[in-house]
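Whatever order the structure lists them in is the order used to number ligands and atoms, beginning at 1.
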Amino acid sequence: MPRIVDARVIITAPGRNFVTLKITCDDGTTGLGDATLNGREMAVVAYLTEHVVPCLIGRDAHRIEDVWQYLYKGAYWRRGPVTMTAIAAVDTALWDIKGKIAGLPVYQLLGGAARDGCLVYAHANGVTIEDTIHEARAAIRDGYRAVRLQCGVPGLPTTYGVAKPGERYEPADGELPTESVWSTPQYLRVVPELFRLAREALGWDVHLLHDVHHRLTPIEAGRLGSDLEPYRPFWLEDVTPAEDQEAFRLIRHHTTTPLAVGEVFNSIWDCKTLIENQLIDYIRATVVHAGGITHLRRIAALADLYQIRTGCHGATDLSPVAMAAALHFGLSVPNFGIQEHMPHTTDTDAVFPHAYRFEDGLMHPGDAPGLGVDIDEELAKEYGYRRAYLPVNRLEDGTLWSW
Ligand code: CS2
Ligand code: MG
């Protein structure tokens, strides 16, 4: 059996912060797991180094389920983003190790390919509707079959999802949280107009998505969903905060626009009511924030019973290690829906060389044994950690609002 002899946390910031766990076995096999929790990175670093790594040394790396249970039930304090991200990193690294020892890509261990590739969606973000449509055209030219549309809200200085001029979109943008301003009435006017003009310009063969980023009340979400119905969006994401899962019943009464939720979820308990009552259509929980491949498979299996499909979060704060794991999961899971794709910077790609590829609107994890992703530790050292926060959001009268 491969015995774990070392586990190390590597912090690097090639454009943004990433936390990676590297596990080494006595036969020299290594495995990687992403442990990045945007804006709260060092909490996971401490959790891993102080509380998890000492428990790993000497364990059989093949006993993935047992290690998962040990770290979950054995902690006494269950769930939460920090705990579940730390468990996810260990779990992902162990799947990587198992694949390398078997000489197989991880998707083969998960049952093999259930499709030819994973449908992914690109991002089109613009200050104006015209800019957004222009970006969407470019994504379609690049081969994407699905595009998420976000545009600025007239009269507001900043909007979620819109990059600063000349820069890539990076949500964790300040040494202290930056503040943005929000107006629901203006937003509810601009989004249907964005979709109307996008359909006119782009036609009906491309899937169009939109992220509300938790900013509406349930009844406002119902209104937006019904206003967008004529334009047949693929999904409307995070329309309202989902701590109150029951709130989605009200939204469902008012719209047939498909709903996607769950990028901030960290366990099956966060989505149990949503799934069992068919209150959503896509579950966005990820390998990295929801307990690894092992736990995400459990969530997907529950969702499958109710014809809910996966649509995993994949913004740039999820490292190439998480992206690789998402693609192995996505290729093999029966109820795959779509995967978010926000390409990393060339600096990030150089630190994390990987086998996954994009082709004709689909992504494939590649056939290298394990996850098919590595970390160049020498290069990683050149990019030191810098504290970075996600922004906060206020209404025009100064009330703190969901970002
Ligand atoms: C998001 C992200 O990709 C998405 O759908 O909502 O941009 C999210 O804000 C960041 O990943 C937060 O870390
Ligand atoms: Mg989102």
Side-chain angles (χ1 to χ4, degrees), residues 13 15-19 34-44 81-82 84-85 88 120-126 132 135 139 144 146-151 158-164 167-174 177-180 182 187 191 207-216 221 224 233-242 258-266 270-271 280-290 310-323 326 337-345 348 387-393 401-403:
R16 66 160 340 283
N17 294 318
F18 293 111
V19 178
D34 184 17
T36 310
L37 184 60
N38 200 2
R40 294 294 184 273
E41 293 87 353
M42 296 315 243
V44 185
V82 175
M84 297 305 279
T85 300
V120 291
Y121 66 90
H123 288 255
N125 308 319
T132 303
E135 280 213 15
Y144 286 96
V147 185
R148 188 184 95 169
L149 306 176
Q150 307 291 141
C151 73
T158 59
T159 301
Y160 163 73
V162 179
K164 294 192 182 118
E167 288 179 30
R168 283 199 193 213
Y169 176 63
E170 169 47 64
D173 61 356
T178 53
E179 301 212 350
S180 35
W182 182 248
Y187 169 77
V191 179
H207 297 301
L208 300 178
L209 298 77
H210 181 71
D211 189 354
V212 183
H213 227 254
H214 323 270
R215 292 168 184 201
L216 299 178
L224 180 61
F234 183 93
W235 82 28
L236 207 46
E237 174 186 340
D238 285 338
V239 284
T240 199
L259 302 174
V261 179
E263 65 182 46
V264 301
F265 290 173
N266 50 72
D270 296 326
C271 42
I280 56 171
D281 302 279
Y282 294 91
I283 177 71
R284 278 181 56 70
T286 61
V287 167
V288 52
H289 299 131
T310 65
C312 298
H313 185 203
T316 40
D317 51 295
L318 286 79
S319 90
V321 179
M323 190 63 192
I338 199 167
Q339 167 67 48
E340 180 175 5
H341 183 219
M342 203 188 261
H344 288 105
T345 61
T348 298
R387 190 173 60 226
Y389 285 96
L390 290 167
V392 297
N393 201 19
W401 201 244
S402 299
W403 174 69

Checklist entry - Distance-only, no hydrogens or angles: does the Thr310 side chain make a donor-acceptor pair with backbone N or O of Ile283 under 3.5 Å? => result no

Item to check | Check: Arg215 and Trp182 side chains under 4.5 Å, non-hydrogen atoms | outcome: yes

Checklist entry - How far is atom 7 (O) of ligand 1 from its nearest protein heavy atom, and which residue and atom name does that atom have? => result Tyr160 OH, 3.0 Å

Item to check | Angle in degrees, rounded to 10°, that OE2 of Glu237 and OE1 of Glu263 form at the Mg ion (ligand 2) | outcome: 90°

Checklist entry - What about Tyr121: any of its N or O atoms under 3.5 Å from an N or O on ligand 1? => result no

Item to check | Sole residue of Asn38, Asp317, Thr345, Asp173 in side-chain hydrogen bond (donor to acceptor under 3.5 Å, both in side chains) with Arg16 | outcome: Asn38

Checklist outcome for this item: In Asp211, the N/O/S atom nearest the Mg ion (ligand 2) carries the name OD2

Checklist outcome for this item: So the atoms of ligand 1 within less than 4.0 Å of a heavy atom of Glu237 turn out to be 5 (O)

Checklist entry - Nearest protein heavy-atom contact for atom 12 (C) of ligand 1: which residue, which atom, what distance? => result Asn38 ND2, 3.8 Å

Item to check | Backbone of Ala124 reached by a side-chain donor or acceptor of Glu135 within 3.5 Å | outcome: no

Next on the checklist: If we set the cut-off at 4.0 Å for heavy atoms, which region of Arg284 has an atom near ligand 1: side chain, backbone, both, or neither?
Outcome noted: side chain

Checklist entry - Any idea which atoms of ligand 1 are less than 4.0 Å away from a heavy-atom of Arg148? => result 3 (O), 4 (C), 5 (O)

Checklist outcome for this item: Atoms of ligand 1 under 4.0 Å from any heavy atom of Trp403, numbered from 1 in the order shown, are 9 (O)

Checklist entry - Under 3.5 Å, is there a donor-acceptor pair between the side chain of His344 and the main chain of Leu318? => result yes

Checklist entry - Quick one: does Ser180's side chain have a donor or acceptor within less than 3.5 Å of a partner on Asn393's backbone? => result no

Checklist entry - Quick one: which of His341, His313, His214, His213 has a heavy atom closest to atom 9 (O) of ligand 1? => result His213

Next on the checklist: One pair to check against side-chain contact (heavy atoms from CB on, under 4.5 Å): Tyr121 and Met342. What are the steps and the verdict?
Outcome noted: CA-CA 8 Å; Tyr121 66 90; Met342 203 188 261; over 6 Å; no

Checklist entry - In the protein, what heavy atom is nearest to atom 10 (C) of ligand 1, and what distance, to one decimal place, separates them? => result Asp317 OD1, 3.5 Å

Next on the checklist: Out of all atoms in ligand 1, which are within 4.0 Å of some heavy atom of Asp211? Include the element for each.
Outcome noted: 1 (C), 4 (C), 5 (O), 6 (O)

Next on the checklist: Quiz question: by atom type and distance under 3.5 Å, do the side chains of Glu263 and His289 form a donor-acceptor pair?
Outcome noted: no

Checklist entry - For atom 8 (C) of ligand 1, which candidate among Glu263, Glu340, Arg40 provides the closest heavy atom? => result Glu263

Checklist entry - Counting distance only, does the side-chain N/O of Arg148 pair as donor-acceptor with the main-chain N or O of His123 below 3.5 Å? => result no

Item to check | Atom indices of ligand 1, in the order listed, that fall short of 4.0 Å to a heavy atom of Ala315 | outcome: 2 (C), 3 (O), 11 (O)

